[in-house]
> 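Questions regarding the structure given below will be posed in turn.
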Amino acid sequence: MKKSNCIIIEDEPIASGILLDYIAQVPFLNVVGNYRSAVEAMQVLNATEVDLLFLDIHLPVIRGLDFLKSISKPRHTIITSAYHQYAVDGFELNITDYLLKPYSFDRFLKAIARIDIATNTKNIETTEPGRGHIFVTSNKRQVKVPFSDIRYVEARKEYVVIHTDLSSIKSKMRLSVLEQMLPKTLFQRTHRSFIVSINHLTSFDQSFVEIPDKYIPIGKSYREDFTKAVGSFSYCN
């Protein structure tokens, strides 16, 4: 899976620390620079392939939006700011998203999901089921996991466990991050703690999905999207 290079331009150490923590939980993002001013970031922009900018507005020397106007080669840009009044100006410059501080990890993920280059969503979803795969970190190794082998995925605190036909692979990431990496044509979230393979399910009802040797719950908030994905289903009272 191709990683996307990103840089942070943020003069508040606490804010940049939060961003670094969030980015570290997304396997397809790679930080190539963390700068307190746009002037410092200019050199790496000119010398390195950068796909994504995380850009604060109130910066020393040159303000974030003025810096954005000066860039000759456009990049995906996510504004991070404590001030909502600049959102319109930002979107007029074709930014990808505007994160209003303080923002949650889930809101951060929604911004990342807008960037096709980062998630490779288009390439993944058009991959033939038997040939698609992801790489996940497990025991300090990058492990290749074919989509066709995955039966279901389970969240366990800060880890996910990918259950395949032959083994279970444990990786330190949030389930919402892995959800972004899996094609929605093949996998569906059924519960805050579970994602299932549509190809492996054998039956389902209002409350549970059945895959070989396993029953997985369907949460109320996921039921409608799940049933739309797998086909029409009439619930019996």
Side-chain angles (χ1 to χ4, degrees), residues 1 3-38 40-41 44-45 50-69 71 74-121 137 153 155-160 171-182 184 189 191-193 195 219 221-222 225:
M1 179 178 57
K3 286 197 173 188
S4 294
N5 289 336
C6 59
I7 65 172
I8 298 169
I9 308 175
E10 169 65 71
D11 67 334
E12 298 177 16
I14 293 176
S16 63
I18 291 171
L19 262 177
L20 286 168
D21 177 61
Y22 285 177
I23 292 169
Q25 299 179 62
V26 182
F28 47 74
L29 292 182
N30 176 48
V31 177
V32 295
N34 180 17
Y35 305 98
R36 300 193 65 177
S37 76
E40 293 175 4
V44 73
L45 272 179
V50 175
D51 304 303
L52 172 61
L53 308 178
F54 292 98
L55 180 64
D56 191 12
I57 286 180
H58 287 282
L59 295 168
V61 186
I62 179 172
R63 291 161 57 89
L65 293 181
D66 292 332
F67 169 72
L68 199 55
K69 294 175 185 176
I71 297 175
R75 272 88 167 182
H76 292 285
T77 302
I78 296 175
I79 296 291
T80 60
S81 177
Y83 303 92
H84 64 84
Q85 59 265 38
Y86 301 105
V88 173
D89 294 337
F91 283 110
E92 286 180 350
L93 294 172
N94 295 318
I95 64 170
T96 300
D97 208 341
Y98 194 101
L99 294 180
L100 191 62
K101 300 174 185 176
Y103 47 87
S104 66
F105 181 70
D106 287 342
R107 178 65 183 87
F108 169 82
L109 279 183
K110 288 179 180 178
I112 296 301
R114 294 173 179 265
I115 306 171
D116 288 342
I117 190 172
T119 61
N120 291 313
T121 301
T137 303
V153 184
R156 294 183 185 173
K157 296 184 178 179
E158 70 268 32
Y159 290 87
V160 298
S171 181
K172 190 172 183 180
M173 72 170 78
R174 298 193 187 192
L175 189 65
S176 52
V177 173
L178 183 60
E179 185 179 12
Q180 296 291 338
M181 300 166 64
L182 297 173
K184 289 181 172 55
R189 186 88 170 255
H191 187 272
R192 65 182 180 179
S193 298
I195 296 172
S221 60
Y222 299 95
D225 288 343

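Please read these numbers as outputs of a predicted model, since none were measured by experiment.
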> Check whether any side-chain N or O of Glu12 sits under 3.5 Å from a backbone N or O of Ile14 as a donor-acceptor pair, and report yes or no.
no
> Below 4.5 Å, heavy atoms only, C-beta onward: do Leu53 and Ile79 meet side chain to side chain?
no
> Using a 4.5 Å cut-off on heavy atoms from C-beta on, say whether the side chain of Glu10 contacts that of Thr80.
yes
> Can you find a pair of side-chain heavy atoms, one from Pro13 and one from Arg36, that are under 4.5 Å apart?
yes
> Rounded to the nearest 0.5 Å, what's the gap from NZ on Lys69 to CG on Asp89? Could you check?
7.0 Å
> Looking at Lys101 and Asp56, does any basic side-chain N land under 4.0 Å from a carboxylate oxygen?
yes
> Identify the heavy atoms of Ala38 and Ile62 that sit nearest to each other, and give their distance.
CB-CG2, 3.6 Å
> Minimum heavy-atom separation for Arg189 to Arg192, with atom names?
NH2-O, 3.0 Å
> First locate atom OG of Ser16, then atom CD1 of Ile9, and finally report the distance between them rounded to the nearest 0.5 Å.
12.0 Å
> Could you give the side-chain donor-acceptor pairs of residues 17-32 under 3.5 Å, partners two or more places apart or in another chain?
residue	atom	partner	partner atom	Å
Asp21	OD2	Gln25	NE2	3.4
Tyr22	OH	Tyr103	O	3.2
Tyr22	OH	Phe105	N	3.4
Gln25	OE1	Arg174	NE	3.0
Gln25	NE2	Asp21	O	3.4
Asn30	ND2	Asn5	OD1	2.9

> Which heavy atom of Asp106 sits nearest to which heavy atom of Ser176, and what is that distance?
OD1-OG, 4.1 Å
> Counting the benzene-type ring for Trp, do His191 and Tyr222 have ring centres under 6.0 Å apart?
no
> Name all residues meeting the side-chain hydrogen bond (donor to acceptor under 3.5 Å, both in side chains) criterion together with Asn34; count only those two or more places apart in sequence or in a different chain, and write none if there are none.
none
> Any side-chain heavy-atom pair from Val160 and Ile195 closer than 4.5 angstrom?
no
> Pair Ile95, Ile78 - check side chain to side chain contact (heavy atoms under 4.5 Å, CB included), show working.
CA-CA 6 Å; Ile95 64 170; Ile78 296 175; over 6 Å; no
> Measure the OH-CG distance between Tyr86 and Leu100 for me, rounded to the nearest 0.5 Å.
12.5 Å
> Which heavy atom of Ala111 sits nearest to which heavy atom of Thr96, and what is that distance?
O-CG2, 4.2 Å
> For the atom pair CG (Leu175) and CZ (Arg156), what is the distance rounded to the nearest 0.5 Å?
12.5 Å
> Below 4.5 Å, heavy atoms only, C-beta onward: do Leu68 and Leu55 meet side chain to side chain?
yes
> More than 12 heavy atoms of other residues, nucleotides or ligands under 6.0 Å from OH of Tyr83: yes or no?
no
> Between Asp97 and Arg107, does any NZ, NE, NH1 or NH2 come within less than 4.0 Å of an OD or OE carboxylate oxygen?
yes
> What's the verdict on ring pair (Phe, Tyr, Trp, His ring centres under 6.0 Å) for Phe108 and Phe54, showing C-alpha distance, side-chain angles and the deciding distance?
CA-CA 11 Å; Phe108 169 82; Phe54 292 98; 5.8 Å; yes
> I want to check something: taking the side chain as every heavy atom from C-beta on, are Leu45 and Phe67 in contact at a cut-off of under 4.5 Å?
yes
> Atom CG in Leu65, atom NE2 in His58: separation rounded to 0.5 Å?
9.0 Å
> Say you draw a straight line from SG of Cys6 to CZ of Arg75; how long is it, rounded to the nearest 0.5 Å?
13.0 Å
> Output yes when a side-chain donor or acceptor of Ser81 lies under 3.5 Å from a complementary backbone atom of Ile57, and no otherwise.
no
